[in-house]
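In each ligand, atom 1 is the first atom listed, and ligand 1 is the first ligand listed. None of these values were measured; they are calculated from a predicted model. Index from 1, following the sequence.
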Amino acid sequence: MTAALDVRKVRGDFPILGTLVRGKPLVYLDNAATTQKPTRVLDAIRRAYETLNANIHRGVHFLSERATKAYEEARLKACRFLGAADPREIVFVRGTTEAVNLVARSFVRPRLGPGDEILITHLEHHSNIVPWQMLRDETGAALRVAPIDDRGELILEEVEKLLSPRTKIFSVAHVSNALGTVNPVKRLVGMARRRGVPVLVDGAQAVAHAPVDVRDLGCDFYAFSGHKAYGPTGIGVLWGKAEHLEAMPPWQGGGDMILSVTFEKTVYNRIPFKFEAGTPHIEGVIGLGEALDYLREEVGLDAVAAHERDLMGYATERLGGVKGLRIIGTAREKAGAISFVLEGVHPHDVGTILDQEGIAIRTGHHCAQPVMERFGVPATARASLGLYNTREEIDALVAGLRRVSEVFHP
Ligand SMILES: Cc1ncc(COP(=O)(O)O)c(C=O)c1O
């Protein structure tokens, strides 16, 4: 039995939550875009600059050794966070976008030819669509898209039909950023594995909401961004099975990814360094390690999941009571995000009026234009939850939406 999340205490960990927006308390409901950072993470970054600022891996001096140790400790933290077997399987990247591009270039591209197929789904973020289109255009392979139903759930029989011996990768979101749908990733991986198809999971919207164990999921690659998990921007993780990473060519050349260089020949470094060319985002990695420990050890992801499940249920019920409001995406299992439209009001106007009340939500296509097209809307308003949100904030959102309705339908 995990301890329940103490939301009052948790809120105290995030100094920005004390912000007043035009005299009103900030209600931050844009966590799917980026999350706020706890003091622990901010302190770790500051401490890194104050106590160990130096370049890593190459130096022999005191500070460099300290920096290297902190950087590699963060890799162990990321390894534990994902339930991975081996820290060599953790590659630090800029974020989910870079991770998907790395897998596309280095794992999939060399295996892909005309007649081969790439499988994604209709609810992907653009960062899990465009890199595959680029590969398709280069190689003559086909891009297949698994459909979703009217709730925003993947149609599993269709996924089954689309997986074939020609499929060279199945790349799928764990949780949809536009709809909040939680995909049955373990089941999907099972379906793919039975046909020998490797699976990349985009975990950008998953890791901050519930525990993730890559070995339990059984996937081949798993990607996430630090900034959506209470860590810094510009840093993320690609986890990949060691056997794949070993076999993959590096995708960027430069310092640190080599063992030796002559003009005739370069010998590449071991994994994961082979994929971390150049000076990395050292303080970002350290800050990310701190954020992952905060989530896993201090707050506990089971407690986060329970707290957010309660909030999601409450928000869904309360929003359902707002006249003219339609929730887009009614999957049976949802996490993080609730998208909606308000009859007769453009989502941008919803967002602008809510901002007057100090309420931050996101409006637009959420980098998931095919999802908008599937539901026949140009855009939605999206409230997305984090571990520090409260029922009172959902009440404020609902009151704000009633005000929007009054402005447009007096
Ligand atoms: C599901 C999903 N995948 C990928 C991304 C891209 O993440 P980043 O911009 O941090 O690389 C996002 C960002 O919103 C996302 O929600």
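The nearest heavy-atom contact from the protein to atom 15 (C) of ligand 1 is H125 CD2, 3.3 Å. Looking from atom 1 (C) of ligand 1 to the surrounding protein, the closest heavy atom is D202 OD2, 3.4 Å. The closest protein non-hydrogen atom to atom 7 (O) of ligand 1 is S225 OG, 3.5 Å. Of the protein's non-hydrogen atoms, the one nearest atom 11 (O) of ligand 1 is T97 OG1, 2.6 Å. With respect to atom 16 (O) of ligand 1, the closest heavy atom belonging to the protein is Q205 NE2, 2.7 Å.
Near T96, meaning under 4.0 Å from one of its heavy atoms, ligand 1 places the atoms 4 (C), 7 (O), 11 (O). The distance from ligand 1 to the heavy atoms of N177 drops below 4.0 Å at these ligand atoms: 16 (O).
When only modelled atom types and interatomic distance are considered, N55 and T279 share a side-chain donor-acceptor pair under 3.5 Å. E89 and Y222 form no side-chain donor-acceptor contact under 3.5 Å, judged by distance and modelled atom types alone.
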Worksheet item: Is there a salt bridge (charged side-chain N to carboxylate O under 4.0 Å, His left out) between R88 and E246 once you walk through the steps?
Response: CA-CA 10 Å; R88 295 179 313 139; E246 299 272 18; 3.2 Å; yes
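For the ligand labelled ligand 1, residue K228 lies inside the 4.0 Å heavy-atom shell. The shortest heavy-atom distance from S127 to ligand 1 is under 4.0 Å.
Between the side chain of E117 and the main chain of K168, no donor-acceptor pair closer than 3.5 Å is present. Using modelled atom types, one side-chain atom of T139 and one backbone atom of A141 make a donor-acceptor pair closer than 3.5 Å. Between the side chain of D116 and the backbone N or O of G113 there is at least one donor-acceptor pair closer than 3.5 Å. Proximity of a side-chain donor or acceptor of R47 to a complementary backbone N or O of L42 within less than 3.5 Å is not detected.
With a 4.0 Å cut-off on non-hydrogen atoms, H227 touches ligand 1 through its side chain and not its backbone.
Cation-pi contact between R296 and F81: absent, since separation from the ring centre below 6.0 Å together with deviation from the ring axis within 45° is not met.
Remark: ligand 1 and E98 share no N or O pair separated by less than 3.5 Å (distance only, no angle test).
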